[in-house]
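Below: one structure, written as structure tokens.
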Amino acid sequence: MHSEPHKANENLQLLQSIVEYAPFGVILIDKNGNFCQTNPKFRELFGYGPIEVSTGREWFKRAYPDPTYRHHVISSWINDLRDALPGEKRPRTYAVTCKDGTEKIIKFTAVKLENGDDLVTLEDITERKRSDKALLESEERYRSFFKTSKDCVFITSREGSWIDFNDAAVELFAFANREEFSKVLVIDIYANPKDREKHLKFINEHGFSREYPLDLKKKDGTVFHALVTSVGLRDETGKIVRYQGTVRDITERRESEKKLKNTHDQLLGIIEFLPDATFVIDLDKKVIAWNRSMEEMTDIKKEDIIGKGNYAYGVPFYGEPRPILIDLIDNCDEEIESKYSNVKRSGRAIFGEAYVPSLFGGKGAYVWATASNLYDRDGVWMGAIESIRDITERKMGEKALLESREYLHKIIDCIADPIFVKDSEHRLVLVNSAECALAGKPPEELIGKMDYDFFPLEQVNVFWKQDDLVLKTGQENVNEEMITDSQGNIRTIVTKKTLYKDKSGEKFIVGVIRDITERKHVEQELRDKDYLLAGVALATNILLTEKDLESAINQALELLCSAASVDRVYVIKINESDTAKFTCNLCYERARDITKD
């Protein structure tokens, strides 16, 4: 008797679980506009909790802060409610403002329930909208290329009908007009209809074809050689639904290639004398070409390796048969790649660097290698080629340059005078230890910063004025300035600045600072002494030449006050007695006349 209620309860729990774990937002709204239930995905999408948006009024206020847009949303929502029937879907798309201030494009699908409530699902389509916009922009760029290209540019369906093509296509296939050409099936322009099946198979396997050789035919049946570059365009499920690409007439080029085919031995001769060590392997990974530079690099003669497979080409590099760079063209192998540095891929080619100690008779060498697949004129894979270049000299030069830079930096760091380099924006790009001591900061806190970060504004204004003068004129500048050191002491400095330009034309200011504070003090002391001695000499001359002794003494004392920079001078007579005691009498006293200063 309890089986049916029990089953109903299980179904209800299942329904609740579906809503709870649904990958899209869900809202249940009653007749009065109250949010009866929201699932976790709703809260994840917008950041609003049940309390924050418990009613439609609160939802509209938070989700659509712009009054005009909010009015538009509410109006459309009310219009939908007015005519809604139970079970009828009402899709709408709105821009919703989330709790964190970000905006998302949401597709709302509302359904009226039998009891009058509304069930609303919410799907975030922000990325899809962005993708649509990017696709539109891409299509606009493609359309420009579409119209102006001299090659045939086309879009076809998977089934083989024309979706679009440019005027060059009509001209290439010699049709009278676009309407006439649009009625032709794609397969009918193939000289051999089976080639289309092969071509599509190639695209399906590789995702695209690049300069795929085909024999095509014009309206009058004339066959011409063409290179087709095409890519398969896929739908949301990953299925190719159409093809887009270009067709280039290479009839003349193809005729030339036929002639070049007869010179195969000559091409092998070219490989033989390439300056880079080069070898070629076939589909069975057997060596079919091993040039002279390879012999010199590996000490293995071509007759000892031509025709050998099973990774025999790996022996001179690793001492045993094993895969090398040429085997990574279409494969990824971390173990093999670990033997190289700076491994990069570009299209169907791969590049890498390595140090191989066994090369050149055990001397070792740094090498740069590149490998790519080889295809015949029909686009069929026929093997691979790898070229290896000895870059030991370059590597050693780079190492020497690095060491010289480090050596130069150490020398600069040992110079007692502060040295700095600024860019054209007055940012520090290099400092020595003396400059760090002056600013009271380690190098990492100075590099990239400006003088204003460490020194007073009025001092920096002077620095920058001279900086700008050097940047503008390019002439050396020497200027005496004041600077406040890391201890707060104001120092007198002479800064010598010169302009440096790198290879790209970027301007830099190189500056050397000489602290002349102590020298300034010594110079001042010498000037004071000279002034005092001159005063003493003049006073002595007055005493010797002036007839009025009293007047002479007063003039002499006044001069001594001024020369010694003191406020008052005394002349005292010391009396020596028989009792070994001394007495003194004040003979003259003179205060400096400050009105003369």
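- The two residues Phe181 and Ala169 come nearest to each other via the heavy atoms CE2-CB, 4.0 Å.
- Under a cut-off of 6.0 angstrom, the local environment of CZ in Arg210 is sparse, with at most 12 non-hydrogen atoms contributed by other residues, nucleotides or ligands.
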task: Show your reasoning for whether side-chain contact (heavy atoms from CB on, under 4.5 Å) applies to Glu386 and Ile324.
output: CA-CA 10 Å; Glu386 178 170 339; Ile324 61 174; 3.8 Å; yes
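- In this structure, the side chain of Tyr340 does not engage the main chain of Ala369 through any donor-acceptor pair within 3.5 Å.
- With contacts defined as side-chain heavy-atom distances shorter than 4.5 Å, the pair Lys497/Ile513 does not qualify.
- Closest approach of Ala384 and Ile329 over heavy atoms only: CB-CD1, 3.9 Å.
- Residue Glu205 qualifies as enclosed at atom CD: its count of foreign heavy atoms under 6.0 Å is above 12.
- Checking side-chain atoms of Trp162 against main-chain N and O of Val184 turns up a donor-acceptor pair under 3.5 Å.
- Proximity of Phe42 to Val53: side-chain heavy atoms (C-beta onward) are separated by under 4.5 Å at one or more points.
- Proximity of Phe454 to Glu445: side-chain heavy atoms (C-beta onward) are nowhere separated by under 4.5 Å.
- You'll find the side chain of Phe173 reaches within 4.5 Å of the side chain of Phe224, heavy atoms only.
- Residue pairs meeting the side-chain hydrogen bond (donor to acceptor under 3.5 Å, both in side chains) criterion with at least one member in residues 49-66, sequence neighbours excluded, are Glu52-Lys99.
- When each of Lys112, Lys31, Lys89 is paired with Asp118, the salt bridge (Lys or Arg N to Asp or Glu O under 4.0 Å) condition holds for Lys112 and for no other.
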Residue pair Asn79, Arg82: steps toward the side-chain contact (heavy atoms from CB on, under 4.5 Å) verdict: CA-CA 5 Å; Asn79 289 335; Arg82 185 182 298 116; 2.8 Å; yes
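- Taking the charged nitrogens against the carboxylate oxygens, Glu337 and Arg345 do have a contact shorter than 4.0 Å, which makes a salt bridge.
- No donor-acceptor distance shorter than 3.5 angstrom exists from the side chain of Thr370 to the backbone of Phe351, with no hydrogens or angles considered.
- No more than 12 heavy atoms of other residues, nucleotides or ligands lie within 6.0 Å of CD1 in Ile51, so this atom counts as exposed by the packing criterion.
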- request: Take Asp468 and His426 through the test side-chain contact (heavy atoms from CB on, under 4.5 Å) and record every step on the way to the result.
  value: CA-CA 9 Å; Asp468 292 337; His426 302 280; 3.1 Å; yes
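- Nearest heavy-atom pair across Arg196 and Ser157 is NH2-O, 3.9 Å.
- Around the NE2 atom of His72, the shell of radius 6.0 Å holds more than 12 heavy atoms that belong to other residues, nucleotides or ligands.
- Rounding to the nearest 0.5 angstrom, the gap separating the CG atom in Asp124 from the CD1 atom in Ile105 is 8.5 Å.
- In this structure a side-chain-to-backbone donor-acceptor pair under 3.5 Å is missing from Arg92 to Trp77.
- Ring orientation note: the planes of Tyr190 and His199 are tilted relative to one another, at an angle of 30° to 60°.
- The existence of a salt bridge linking Lys41 and Glu44 is confirmed by a sub-4.0 Å separation between a basic side-chain nitrogen and an acidic carboxylate oxygen.
- Side chains of Glu481 and Asn479: a donor-acceptor N/O pair is present below 3.5 angstrom, by distance only.
- Atom NZ of Lys107 has 12 or fewer neighbouring heavy atoms from other residues, nucleotides or ligands inside a 6.0 Å radius.
- Contact record, Tyr69 with Ala95: OH-N, 2.9 Å, taken as the closest heavy-atom pair.
- Taking CG of Leu81 as the reference point, atom CZ of Arg90 lies at 5.0 Å (rounded to 0.5 Å).
- Although no hydrogens or angles enter the test, the distance criterion places no donor-acceptor pair under 3.5 Å between the side chain of Asp195 and the main chain of Leu216.
- Here Lys219 pairs with Phe175, Glu180 under the side-chain contact (heavy atoms from CB on, under 4.5 Å) rule; sequence neighbours left out.
- Between the NZ atom of Lys183 and the CG atom of Asp188 there is a distance of 14.5 Å, given to the nearest 0.5 Å.
- Below 30°, between 30° and 60°, or above 60°: for Tyr48 and Phe46 the angle between ring planes is below 30°, a parallel geometry.
- For the residue pair Thr222 / Asp220, a side-chain donor-acceptor distance below 3.5 Å is found, with atom types taken as modelled.
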query: Could you walk me through whether Asp151 and Ser149 pass the side chain to side chain donor-acceptor pair (under 3.5 Å) check?
result: CA-CA 5 Å; Asp151 291 333; Ser149 176; 4.6 Å; no
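- At a threshold of 4.0 Å, the pair Arg242-Asp235 does not count as salt-bridged, since none of the basic side-chain nitrogens sits closer than that to a carboxylate oxygen.
- Counting heavy atoms of neighbouring residues, nucleotides and ligands inside a 6.0 Å radius, atom CD of Glu458 exceeds 12 of them.
- Within 6.0 Å of the CZ atom in Arg248, the count of heavy atoms belonging to other residues, nucleotides or ligands does not exceed 12.
- One side chain, His225 or Asp215, offers a donor N or O that lies under 3.5 Å from an acceptor on the other.
- Between Arg348 and Asp330 there is a salt bridge, with a side-chain nitrogen of the basic residue lying less than 4.0 Å from a carboxylate oxygen of the acidic one.
- Under a 3.5 Å cut-off, the side chain of Asn342 and the backbone N or O of Glu353 do not form any donor-acceptor pair.
- With hydrogens and angles ignored, the 3.5 Å screen pairs a side-chain donor or acceptor of Asp30 with a backbone N or O of Asn32.
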task: Starting from the C-alpha separation in whole Å, work towards a yes-or-no answer on side-chain contact (heavy atoms from CB on, under 4.5 Å) for Val228 and Phe154.
output: CA-CA 10 Å; Val228 180; Phe154 65 85; 4.3 Å; yes
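- Residues Asn432 and His409 form no side-chain contact, since every pair of their non-hydrogen atoms from C-beta on lies 4.5 Å or further apart.
- We find the OG-CG distance between Ser75 and Asp80 to be 11.0 Å, quoted to the nearest 0.5 Å.
- The shortest side-chain heavy-atom distance between Tyr452 and Asn461 falls under the 4.5 Å cut-off.
- With rounding to the nearest 0.5 Å, the separation of CD1 in Ile336 from CG in Asp327 is 6.0 Å.
- How far CD1 of Ile27 is from OG1 of Thr121: 9.0 Å, rounded to the nearest 0.5 Å.
- In this structure, Ile29 and Val120 have side chains that are in contact, with non-hydrogen atoms separated by less than 4.5 Å.
- Side-chain N/O atoms of Asp117 and Asn115 include a donor and acceptor closer than 3.5 Å.
- The backbone N or O of Phe165 sits less than 3.5 Å from a side-chain atom of Arg178, completing a donor-acceptor pair.
- In this structure the side chain of Phe420 reaches within 4.5 angstrom of the side chain of Thr495, judged on heavy atoms.
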field: side chain to side chain donor-acceptor pair (under 3.5 Å) between Gln487 and Asp485, intermediate numbers included
entry: CA-CA 5 Å; Gln487 305 300 317; Asp485 64 17; over 6 Å; no
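- The pair Lys422-Asp451 meets the salt-bridge criterion, with a side-chain N (NZ, NE, NH1 or NH2) lying under 4.0 Å from an Asp/Glu carboxylate O.
- In Leu185, the CG atom is crowded: over 12 heavy atoms of neighbouring residues, nucleotides or ligands sit closer than 6.0 Å.
- Formation of a donor-acceptor pair under 3.5 Å by the Trp381 side chain with backbone atoms of Gly383 is found in this model.
- Looking at Gln459, its side chain does come within 3.5 Å of a backbone N or O of Thr484 through a donor-acceptor pair.
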